[in-house]
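Scroll down for the structure; my scribbles are underneath it.
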Amino acid sequence: NYKLNKKNKNETQVAFFYTLKVLHKEGLFKEKKEKVFINSIIKQTNRVIEYYGTFGFTAHIFLFSMLEARYKFGKSPNKIQDYVYSEMRKAKAPIENRLKAILYLFTENPGHSFFKKVKDIQDVKNLNKYMKEVDNTARDIALSLLEKYMYGKLDIYPFMATDDAGLIKMLQDTKPDYIFKYDVMEIPVHKKINKDMGKKHLKFFETSSPKNGVFFQDGSLKEVMDTYKNKKDNFMSLIMDKDK
């Protein structure tokens, strides 16, 4: 149900279109005709929805990898970083600068409030509840990946209007040293992480040709989703088998 469709009976889509109609009726938009307004939303959204979906599944794969690494290697920063980079490359998922910053936060400050709901992987009492927390944390990571399209266009993170203290602290503690503008993107850059990559993790990022780079458009949404499903199954098995 990723694509928006007025005929879709999915309750989320029905609620979404109902909300749009109410907003239009209140006169909050320029379009005089409701049909034109709704169709415009559908056209604009469906053009990029697979891209945003890829962000979501990539964030989940990334978080699963971090938690697996913590489970396997304790608090060893280099081993955790190597493992996460390796798993992301296996998944053919691009490692955004924001993800690198979150990974360093995870290894340097494992008790950070952003990870408090998911960090105790060794002591999961209620698997369903825990997986919901994992899902919520991964969604926050996915939203933060949109930053490269936000700098200079909107006030910082207005789309995340939140009172989640852990998330706010994460955004503050992963603030980039500067922003590199390229085409329509404004990319966050972290000097310390770049320096470390050259010393410790270059094998995951060095390529003989730009064609060997990993980009979001390289795989279909279905491929990324399938990778996510397999990763989730393996992650849950790891947790459930911990006492065996």
Original post:
Looking only at side chains, do Q44 and S40 share a donor and an acceptor under 3.5 Å apart?
Top reply: yes
Subject >> Minimum heavy-atom distance between F115 and N109, given as atom pair plus value >> reply: CD1-O, 4.4 Å
**OP:** Flag the pair S144 / I102 as yes when at least one side-chain heavy-atom distance between them is below 4.5 Å, and no otherwise.
**Re:** yes
Original post:
Which distance, rounded to the nearest 0.5 Å, do you find between the CZ of F106 and the CD1 of I80?
Top reply: 5.5 Å
Subject >> Check: D135 side chain, M131 main-chain N or O, donor-acceptor pair, under 3.5 Å >> reply: no
**OP:** Taking N8 for its side chain and Q13 for its backbone only, find out whether a donor-acceptor pair lies under 3.5 Å.
**Re:** no
Subject >> Under 3.5 Å donor-acceptor, D120 side chain and D123 backbone >> reply: no
Original post:
Roughly how far, to the nearest 0.5 Å, is CD1 of I61 from CG of N230?
Top reply: 9.5 Å
**OP:** Say whether, by atom type as modelled, one donor and one acceptor occur between the side chain of Y130 and the main chain of V118 under 3.5 angstrom.
**Re:** yes
Original post:
With a 4.5 Å heavy-atom cut-off, do N39 and K6 have their side chains touching?
Top reply: yes
Original post:
CE of M170 to CG of L105: how many Å apart, nearest 0.5 Å?
Top reply: 8.0 Å
Original post:
Yes or no on side-chain contact (heavy atoms from CB on, under 4.5 Å) for Q81 and Y104, after CA distance, side-chain angles and deciding distance?
Top reply: CA-CA 8 Å; Q81 290 162 13; Y104 270 70; 3.6 Å; yes
Original post:
Counting only N and O atoms by type, is there a donor-acceptor contact under 3.5 Å from the side chain of S86 to the main-chain atoms of D82?
Top reply: no
Subject >> ring-ring contact (aromatic ring centres under 6.0 Å, His included) against F114, all qualifying residues, sequence neighbours excluded >> reply: none
**OP:** Heavy atoms only: give me the nearest A59-A138 pair and the separation to one decimal.
**Re:** CB-O, 3.4 Å
**OP:** Taking the side chain as every heavy atom from C-beta outward, state whether V224 and T58 have any atom pair closer than 4.5 Å.
**Re:** yes
Subject >> Considering all heavy atoms, the nearest I121-F235 contact >> reply: CD1-CE1, 3.6 Å
Original post:
In terms of hydrophobic clustering (I, L, V, M, F, W, Y; side-chain heavy atoms under 4.5 Å; direct or indirect links), are I38 and L23 co-clustered?
Top reply: yes
Original post:
Side-chain contact, heavy-atom cut-off 4.5 Å: F17 with L4?
Top reply: yes
**OP:** Could you give me the CA-CA distance, side-chain angles and deciding distance for K21 and E26, then say whether salt bridge (Lys or Arg N to Asp or Glu O under 4.0 Å) is met?
**Re:** CA-CA 9 Å; K21 290 177 181 179; E26 293 297 320; over 6 Å; no
**OP:** Would you mind reporting whether L103 and F62 have side-chain heavy atoms less than 4.5 Å apart?
**Re:** yes
Original post:
Does S76 use its side chain to pair, donor to acceptor, with the backbone of F73 at less than 3.5 Å?
Top reply: no
Original post:
Below 4.0 angstrom, N of the basic side chain to O of the carboxylate: do E223 and K92 qualify?
Top reply: no
Original post:
Are K116 and E133 within salt-bridge range, i.e. N to O under 4.0 Å?
Top reply: no
**OP:** Decide whether Y71 and Q122 meet the rule of one side-chain donor and one side-chain acceptor closer than 3.5 Å.
**Re:** no
**OP:** Give the intermediate values and the outcome of side-chain contact (heavy atoms from CB on, under 4.5 Å) for residues K191 and Y178.
**Re:** CA-CA 9 Å; K191 291 188 289 186; Y178 59 90; 3.9 Å; yes
Original post:
Mind checking whether I141 and I168 sit in one hydrophobic cluster, side chains of I, L, V, M, F, W, Y counted as touching below 4.5 Å?
Top reply: no
Subject >> Non-hydrogen atoms of I179 and P188 that approach each other most closely >> reply: CD1-CA, 4.0 Å
Original post:
Do I42 and V36 share a hydrophobic cluster (ILVMFWY, side-chain heavy atoms under 4.5 Å, transitive)?
Top reply: no
Original post:
Can you find a heavy atom in the side chain of D164 that is under 4.5 Å from one in the side chain of D140?
Top reply: yes
**OP:** Write down the atom of P94, the atom of M88, and the distance for their closest heavy-atom approach.
**Re:** O-CE, 3.8 Å
Subject >> salt bridge (Lys or Arg N to Asp or Glu O under 4.0 Å) partner of E68, chosen from K79, K231, K232 >> reply: K231
Original post:
Under 3.5 Å, is there a donor-acceptor pair between the H190 and N97 side chains?
Top reply: no
Subject >> 4.5 Å side-chain heavy-atom contact, F64 and V134 >> reply: yes
Subject >> Side-chain (K117) to main-chain (T137) donor-acceptor, under 3.5 angstrom >> reply: no
**OP:** For N194 and K100, test the side chains for any donor-to-acceptor distance below 3.5 angstrom and give the result as yes or no.
**Re:** no
**OP:** Calculate, to the nearest 0.5 Å, the distance between atoms NZ and CD belonging to K175 and Q172 respectively.
**Re:** 9.0 Å
Subject >> Step-by-step side-chain contact (heavy atoms from CB on, under 4.5 Å) determination, V84 to E87 >> reply: CA-CA 5 Å; V84 173; E87 289 298 295; 5.8 Å; no
Subject >> Reported CZ-to-OH distance for the pair F204 and Y85, which is rounded to 0.5 angstrom >> reply: 9.0 Å
**OP:** Mind listing the closest non-hydrogen atom pair of T227 and A91 along with its distance?
**Re:** CG2-CB, 3.7 Å
**OP:** Take M66 and R70 through the side-chain contact (heavy atoms from CB on, under 4.5 Å) test and state the conclusion after the steps.
**Re:** CA-CA 6 Å; M66 282 203 304; R70 177 71 180 275; over 6 Å; no
Original post:
Does the side chain of D196 pick up a donor-acceptor pair with the side chain of H201 at under 3.5 Å?
Top reply: no
Subject >> N-O pairing of D226 and K222 below 4.0 Å >> reply: yes
